[in-house]
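Accompanying notes for the structure given below.
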Amino acid sequence: MTSSSSPLGKVYLVGAGPGDPGLMTLKGKDLLQMADVVVYDALVSPPIVEMINPKAKKIHGGKRRGRHSLKQDEITQILIEEAQNQAIVVRLKGGDPFIFGRGGEEMADLLAEGIPVEVVPGITSGIAAPAYAGIPLTHRGYSSSVTFVTGHESVGKYRPKVHWPAIAQGSETIVIYMGIHNLSQIIPQLLEAQLSPQTPISLIRWGTCPEQETLMATLETVIHEVEESGFSSPAIAVIGHVVGAIGDREIERSGDLSRE
């Protein structure tokens, strides 16, 4: 990837948040409304896509399991080329650009080509989805530590792999991103690390969106319940006694206000 001239514009790596448009940051929204070009991921919710400047060029970047419409190097090349000709180029990523996304890779490649980059953080689903489900990730009576970990490791990634036994023993709350398809490999490792089979687990699908679904189980039962219900991604898993901290109490939400 090479640039033939000094760039006209700047690339903004913007976190779109987990889905609810009310959780989009004000700075991110302002950039979408001023953007000349927006390259957005599949998990960016439709209400947030609607915030984009109607005159902007919109490019769907895909990046969803089994349905990648563009390869990562193709996305980066598009960003480089657009920054040569446009002032405000937004790379809109679901959640936060740096939390289990590829924002760090994109930033490094852009800077290597002399393209100015600014990062606008977003609320990550690992924090937002449990909150909307009424699960406090830390709680004085249950947990003073939380670990965020990916359940899907890319081909050819650095080694060593995720050390599940160490995570099981080192944190009272575990939040797993992109792990639904790998639960049958992850759960046995957690049990072998002496986590109780009765440890609560919650799977939260489409967190913060109107179609949010939650499956409550234990480490002993969750794989069977996922198979029986057909529960699928995109979803996160929360493991630990915080899952039952609030019980069955319904959590009030003001999400409808953000959609007016």
Can you tell whether the side chains of Arg91 and Glu82 come within less than 4.0 Å, N to carboxylate O? no
Any salt bridge between Arg205 and Glu211, counting N to O under 4.0 Å? no
Please report the shortest heavy-atom distance between [X] and [Y], naming the atom on each side.
X      : Y      : result
Ala168 : Leu190 : CB-CD2, 3.8 Å
Gly170 : Ser145 : O-OG, 4.2 Å
Ala129 : Thr208 : N-CG2, 4.2 Å
Gly94  : Ala16  : CA-CB, 4.4 Å
Pro116 : Gly9   : CD-O, 3.5 Å
Pro18  : Ala128 : CG-CB, 3.5 Å

Can [Y] be reached from [X] by stepping across I, L, V, M, F, W or Y side chains whose heavy atoms are under 4.5 Å apart?
X      : Y      : answer
Val238 : Met216 : yes
Val49  : Ile59  : no
Ile176 : Leu191 : yes
Val44  : Met34  : yes
Met107 : Val89  : yes

So, [X] versus [Y]: side-chain donor-acceptor pair below 3.5 Å or not?
X      : Y      : value
Glu225 : Thr221 : yes
Glu105 : Gln72  : no
Gln77  : Glu81  : yes
Ser143 : Thr173 : yes

Under 3.5 Å, is there a donor-acceptor pair between the side chain of [X] and the main chain of [Y]?
X      : Y      : answer
Asp96  : Gly15  : no
Tyr12  : Leu31  : no
Ser171 : Ile174 : no
Ser45  : Gly19  : yes
Gln33  : Asn53  : no
Glu113 : Asp109 : no

Taking the side chain as C-beta and beyond, is there a heavy-atom pair between [X] and [Y] under 4.5 Å?
X      : Y      : value
Met24  : Pro21  : no
Thr214 : Ile135 : no
Ile48  : Leu92  : yes
Ile115 : Leu79  : no
Phe148 : Ile99  : no
Leu13  : Glu106 : yes
Val175 : Leu137 : yes
Leu203 : Ile236 : no

In terms of heavy-atom contacts, does NZ of Lys29 have more than 12 from other residues, nucleotides or ligands at under 6.0 Å? no
What's the spacing between [X] [atom1] and [Y] [atom2] if we round to 0.5 Å?
X      : Y      : atom1 : atom2 : result
Ile187 : Ile223 : CD1   : CD1   : 5.5 Å
Lys57  : Asp36  : NZ    : CG    : 10.0 Å
Trp164 : Gln189 : CH2   : CD    : 8.0 Å
Ile239 : Leu195 : CD1   : CG    : 7.5 Å
Ser233 : Trp206 : OG    : CH2   : 8.5 Å
Ile204 : Cys209 : CD1   : SG    : 12.5 Å

Derivation of the side chain to side chain contact (heavy atoms under 4.5 Å, CB included) call for Ile80 and Leu110: CA-CA 7 Å; Ile80 292 170; Leu110 290 164; 3.7 Å; yes
Full working for side chain to side chain contact (heavy atoms under 4.5 Å, CB included) between Lys27 and Glu118: CA-CA 12 Å; Lys27 186 170 186 177; Glu118 182 174 333; 2.6 Å; yes
Given Ile167 and Val149, is the side chain to side chain contact (heavy atoms under 4.5 Å, CB included) satisfied, shown in steps? CA-CA 9 Å; Ile167 289 173; Val149 59; 3.8 Å; yes
What do the steps show when you test Lys58 against Ile52 for side chain to side chain contact (heavy atoms under 4.5 Å, CB included), and what is the final call? CA-CA 8 Å; Lys58 290 187 284 189; Ile52 297 173; 3.8 Å; yes
Quick one: sort the Tyr40 and His60 rings into parallel, tilted or perpendicular, breaks at 30° and 60°. perpendicular
